[in-house]
Novice: 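Got a structure for you, written out below as C-alpha cells; questions coming shortly.
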Amino acid sequence: MFRKLLALFCLILLFLPAAGQHYRLSGTVSNDETGGFLPGANILMSDGYLATISGSDGSFSFEKLKKGNYTITVSYVGYKTYETTVDLNKDINLKIRLTPKTYVSEEVIISAIRAGSTPKTTY
C-alpha cells in the first residue's frame with residue numbers, strides 16, 4: 001500500500017511542473033517610417049479575449065500565458081492594422097512596426113454665418 005501511494009505521489013510530482021508553466025509575450029510598437037514609438041496603440045490577443053495598450057515608450061506585455069497559438073492584432077489611429085499568429089512555447093519579445101495609412105476622401109467645405117449683435121432696446 002505504501003509503495004502505491006509513493007508511486008502515485010512521484011507521478012504527480014513528475015507532471016506538476018508541466019501544468020504550471022506560464023509564458024510572457026511582450027514587445028514594442030513603433031512607426032515603420034520614423035522608428036518612433038507609438039504610445040496608446042491597441043494590442044488584442046485571441047479575438048479580443050485579452051487586450052492592453054502600449055505605454056509611453058511603445059512597450060506592452062502579457063503575463064502568465066499558457067502554451068499555444070495566439071492571434072495578435074495591433075491597431076493605432078492613422079496606421080494600418082497589423083495581425084500575426086504566434087506559437088507561444090517560450091517567452092517572446094516582438095518588435096511591431098506599423099505603417100502610416102493615408103485617408104483620401106471627398107472635399108469638405110465648411111462655411112458659417114456670423115451672427116450680428118443683438119440690438120439694444122431702451123425703455
Side-chain angles (χ1 to χ4, degrees):
M1 180 70 175
F2 178 71
R3 285 185 178 182
K4 288 182 182 179
L5 286 175
L6 183 62
L8 180 63
F9 182 71
C10 290
L11 189 62
I12 291 172
L13 287 178
L14 180 67
F15 289 105
L16 190 60
Q21 288 183 345
H22 290 46
Y23 301 102
R24 178 177 188 221
L25 176 68
S26 59
T28 57
V29 181
S30 61
N31 182 326
D32 189 37
E33 293 178 355
T34 66
F37 296 120
L38 298 175
N42 296 307
I43 301 99
L44 303 174
M45 277 185 77
S46 299
D47 302 323
Y49 178 67
L50 296 171
T52 190
I53 60 171
S54 60
S56 61
D57 59 351
S59 66
F60 66 92
S61 178
F62 292 98
E63 306 283 336
K64 298 183 181 179
L65 299 172
K66 293 183 180 179
K67 181 178 181 177
N69 290 328
Y70 294 92
T71 301
I72 311 295
T73 306
V74 181
S75 61
Y76 194 78
V77 176
Y79 290 81
K80 293 180 183 176
T81 300
Y82 174 87
E83 188 171 305
T84 189
T85 301
V86 175
D87 181 21
L88 193 63
N89 55 14
K90 62 179 180 178
D91 291 346
I92 294 178
N93 187 13
L94 299 173
K95 296 200 183 306
I96 299 171
R97 298 177 69 89
L98 298 181
T99 305
K101 181 178 181 180
T102 304
Y103 294 97
V104 179
S105 65
E106 295 293 321
E107 178 179 304
V108 177
I109 299 173
I110 300 173
S111 64
I113 299 173
R114 182 179 176 141
S117 60
T118 309
K120 293 184 180 181
T121 55
T122 56
Y123 296 99

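When reading the values below, keep in mind they use all heavy atoms of this one structure, side chains included, and skip hydrogens, waters and symmetry mates.
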Novice: I'd like to know if I53 and V74 are part of one continuous hydrophobic network [Ile/Leu/Val/Met/Phe/Trp/Tyr, side-chain heavy atoms within less than 4.5 Å].
Specialist: no
Novice: Run the side-chain contact (heavy atoms from CB on, under 4.5 Å) check on L94 and L25 step by step: do they pass?
Specialist: CA-CA 8 Å; L94 299 173; L25 176 68; 4.0 Å; yes
Novice: Determine yes or no for a side-chain-to-main-chain donor-acceptor pair under 3.5 angstrom, with S54 supplying the side chain and A41 the backbone.
Specialist: yes
Novice: What about V29 and V77, same hydrophobic cluster or not, with Ile/Leu/Val/Met/Phe/Trp/Tyr joined at side-chain heavy-atom distances under 4.5 Å?
Specialist: no
Novice: For the OG1 atom of T73 and the CG atom of N42, what is their distance to the nearest 0.5 Å?
Specialist: 10.5 Å
Novice: What's the separation between atom CD1 in I43 and atom CG in L50, rounded to the nearest 0.5 Å?
Specialist: 12.0 Å
Novice: Measuring from atom CG of L98 to atom OH of Y82, what distance do you get when rounded to the nearest 0.5 angstrom?
Specialist: 9.0 Å
Novice: Report the distance from atom OH of Y23 to atom CG of N89, rounding to the nearest 0.5 Å.
Specialist: 6.5 Å
Novice: Show the nearest heavy-atom pair for residues G35 and R97, with the distance to one decimal.
Specialist: CA-NH2, 3.9 Å
Novice: Could you pull out all residues at least two apart from E63 that satisfy side-chain hydrogen bond (donor to acceptor under 3.5 Å, both in side chains)?
Specialist: R24, S61
Novice: What's the spacing between H22 NE2 and F62 CZ if we round to 0.5 Å?
Specialist: 15.5 Å
Novice: Could you walk me through whether N31 and Y79 satisfy the side-chain contact (heavy atoms from CB on, under 4.5 Å) test, starting with their C-alpha distance in whole Å, then the side-chain angles of each, then the deciding distance to 0.1 Å, before giving a yes or no?
Specialist: CA-CA 9 Å; N31 182 326; Y79 290 81; 2.9 Å; yes
Novice: For P39, enumerate each residue passing the side-chain contact (heavy atoms from CB on, under 4.5 Å) test, keeping only those at least two apart in sequence or located in another chain.
Specialist: Y76
Novice: How far apart are the closest heavy atoms of S75 and T81, and which atoms are they?
Specialist: CB-OG1, 4.0 Å
Novice: So, taking the atom named CD1 in I96 and the one named CD1 in I72, what distance separates them when rounded to the nearest 0.5 Å?
Specialist: 7.0 Å
